[in-house]
Amino acid sequence: MIRMTGWTLTEIYRLLYDAFGPQHWWPGQTQFEIIVGAVLTQNTNWTNVEKAIGNLKSAGCLTPAKIHSLDHARLAELIRPAGYFNIKAKRLKNLVDWFFEKYHAELCNLENVPTDTLRAALLAINGIGPETADSILLYALNRPIFVVDAYTARMAVRHGLIGEDADYEQLQQLFQSQLPSDVQLFNEYHALLVRLGKDYCRPRPRCNGCPLENLPHNVAEGPAV
DNA sequence: GACCAGGCACATC
DNA sequence: GATGTGCATGGT
């Protein structure tokens, strides 16, 4: 087991959970809403995503069939508050088109598909990268996949858990190899890391009051990963 | 007014 | 294979 900081990922999880409590992720009332949110939140503040999802709901368009049938301009208009609305409209369409053509837009048809197969299929869709695919797998489809994001990378690098040149797959492997394969744990851990990141782990870090401030770290010199 | 946010694809070298 | 750039809104 790697203990470069003297702390295991399980112990770090406990520090975060004790400090912040349960985060109740993913915010979203249905599986499909979570899937849409995963695309809309790309490089965007969640409050902007909420507005876009609100627009889709108000227009009665938060269903696979509606998004499938909407023209690009109308979809882009509805999701405008989430930013990058033209590119995200295409990405949502690509995802929903795949869901229709391959699985007839029925989530139950995904249940028996192995996680690896599903992940590869999602990654093959233009506009769905590793973080978006993994967010869908974990939060919408309840698969035990750890979601890595910029905050995860910053925390792991700054506390010496991994080298700063680590890529997405290496970071994911770090967490998945050291933690039990547990959907609820992966759900809460990622959400807690986002909470940590928002409060303390920005590109210009704040340390005072950080639940991890007593861990050996190099925050002052740490790269803005 | 600058910085940042729960990325990704594509062009260029 | 690594690096740079476009995509865009809204909060701090």
Side-chain angles (χ1 to χ4, degrees), chain A residues 13 16 20 22-28 31-56 72-98 119-141 143 145-158 163-172 175 183 185-206 219 222-225:
Chain A
Y13 174 79
L16 295 176
F20 297 132
Q23 300 298 297
H24 306 293
W25 269 36
W26 181 293
Q31 284 176 291
F32 188 66
E33 184 175 335
I34 292 168
I35 290 169
V36 170
V39 173
L40 293 182
T41 197
Q42 291 172 355
N43 206 37
T44 301
N45 192 299
W46 182 256
T47 57
N48 295 355
V49 177
E50 287 182 318
K51 290 173 186 158
I53 287 178
N55 287 348
L56 288 169
H72 171 88
R74 176 64 176 147
L75 180 56
E77 179 189 339
L78 289 169
I79 65 172
R80 171 180 282 270
Y84 302 112
F85 48 85
N86 279 314
I87 194 91
K88 287 178 182 175
K90 286 182 194 166
R91 290 173 180 181
L92 267 182
K93 280 276 196 182
N94 291 343
L95 179 57
V96 170
D97 288 350
W98 165 81
R119 186 172 195 267
L122 287 167
L123 290 175
I125 299 167
N126 191 295
I128 307 301
E131 184 179 341
T132 307
D134 290 341
S135 294
I136 291 170
L137 289 169
L138 177 65
Y139 289 104
L141 305 178
R143 306 297 179 109
I145 289 286
F146 200 91
V147 180
V148 171
D149 62 6
Y151 295 133
T152 313
R154 282 182 204 141
M155 187 284 287
V157 169
R158 287 176 179 170
E164 61 182 298
D165 56 345
D167 62 19
Y168 187 98
E169 308 295 334
Q170 290 170 317
L171 278 154
Q172 184 175 57
F175 284 82
V183 170
L185 172 65
F186 288 178
N187 175 323
E188 197 65 66
Y189 210 143
H190 173 63
L192 286 165
L193 285 171
V194 172
R195 173 67 187 277
L196 174 80
K198 284 180 173 173
D199 289 358
Y200 301 102
C201 215
R202 302 297 181 111
R204 296 181 184 190
R206 279 174 45 207
V219 170
V225 185

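The chains referred to below are lettered A, B, ... by the order of the sequence lines, with proteins before strands, and numbering in each begins at 1.
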Name all residues meeting the ring pair (Phe, Tyr, Trp, His ring centres under 6.0 Å) criterion together with A:Phe146; count only those two or more places apart in sequence or in a different chain, and write none if there are none.
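Testing A:Phe146 for ring pair (Phe, Tyr, Trp, His ring centres under 6.0 Å), a comparison that skips the adjacent residues, returns A:Phe175, A:Phe186, A:Tyr189.
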Mind calculating the distance between [atom1] ([X]) and [atom2] ([N]) to the nearest angstrom?
| X | N | atom1 | atom2 | value |
| --- | --- | --- | --- | --- |
| A:Ile136 | B:dC8 | CD1 | C1' | 13 Å |
| A:Asn94 | B:dG7 | CG | C1' | 15 Å |
| A:Leu92 | B:dA9 | CG | P | 14 Å |
| A:Asp167 | C:dA2 | CG | C1' | 13 Å |

Table of protein N/O atoms under 3.5 Å from nucleotides 8-10 of chain C N/O atoms:
{"unit_1": "C:dA8", "atom_1": "OP1", "unit_2": "A:Phe85", "atom_2": "N", "d": "3.3"}
{"unit_1": "C:dA8", "atom_1": "OP1", "unit_2": "A:Asn86", "atom_2": "N", "d": "2.7"}
{"unit_1": "C:dA8", "atom_1": "OP1", "unit_2": "A:Ile87", "atom_2": "N", "d": "3.2"}
{"unit_1": "C:dA8", "atom_1": "O4'", "unit_2": "A:Tyr84", "atom_2": "N", "d": "2.9"}
{"unit_1": "C:dA8", "atom_1": "N6", "unit_2": "A:Tyr84", "atom_2": "OH", "d": "2.2"}
{"unit_1": "C:dA8", "atom_1": "N1", "unit_2": "A:Tyr84", "atom_2": "OH", "d": "3.2"}
{"unit_1": "C:dT9", "atom_1": "OP1", "unit_2": "A:Arg80", "atom_2": "NH1", "d": "3.1"}
{"unit_1": "C:dT9", "atom_1": "O2", "unit_2": "A:Asn48", "atom_2": "ND2", "d": "2.9"}
{"unit_1": "C:dG10", "atom_1": "O4'", "unit_2": "A:Asn48", "atom_2": "OD1", "d": "3.1"}
{"unit_1": "C:dG10", "atom_1": "O4'", "unit_2": "A:Asn48", "atom_2": "ND2", "d": "3.2"}
{"unit_1": "C:dG10", "atom_1": "O3'", "unit_2": "A:Lys51", "atom_2": "NZ", "d": "3.4"}

Taking the nucleotide of DNA chain B with the closest heavy atom to each, which residue, A:Leu123 or A:Tyr151, is nearer the 5' end?
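The residue mapped nearer the 5' terminus is A:Tyr151.
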How close do A:Glu131 and A:Tyr168 get, counting heavy atoms only, and between which atoms?
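Of all heavy-atom pairs spanning A:Glu131 and A:Tyr168, the closest is CA-OH, 3.6 Å.
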I need the A:Asp134 CG to A:Leu122 CG distance, nearest 0.5 Å.
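Here the interatomic distance stands at 9.0 Å.
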Tell me what A:Leu193 touches on the nucleic acid: a base, only sugar-phosphate, or nothing, going by heavy atoms under 4.0 Å.
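Touches nothing.
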Give A:Ile125 one of three labels, base, sugar-phosphate or nothing, depending on what nucleic acid heavy atoms sit under 4.0 Å from its own.
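Contact class for A:Ile125: sugar-phosphate only.
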B:dC3 and C:dT5, which share atom name P, separated by this distance in whole Å:
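Taking atom P in both C:dT5 and B:dC3, they lie 16 Å apart.
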Using 30° and 60° as the class boundaries, would you call the ring planes of A:Tyr139 and A:His190 parallel, tilted or perpendicular?
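Tilted: the ring planes of A:Tyr139 and A:His190 meet at 30° to 60°.
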Given side-chain contact (heavy atoms from CB on, under 4.5 Å), test A:Leu78 with A:Arg74 step by step and report yes or no.
CA-CA 6 Å; A:Leu78 289 169; A:Arg74 176 64 176 147; 3.7 Å; yes
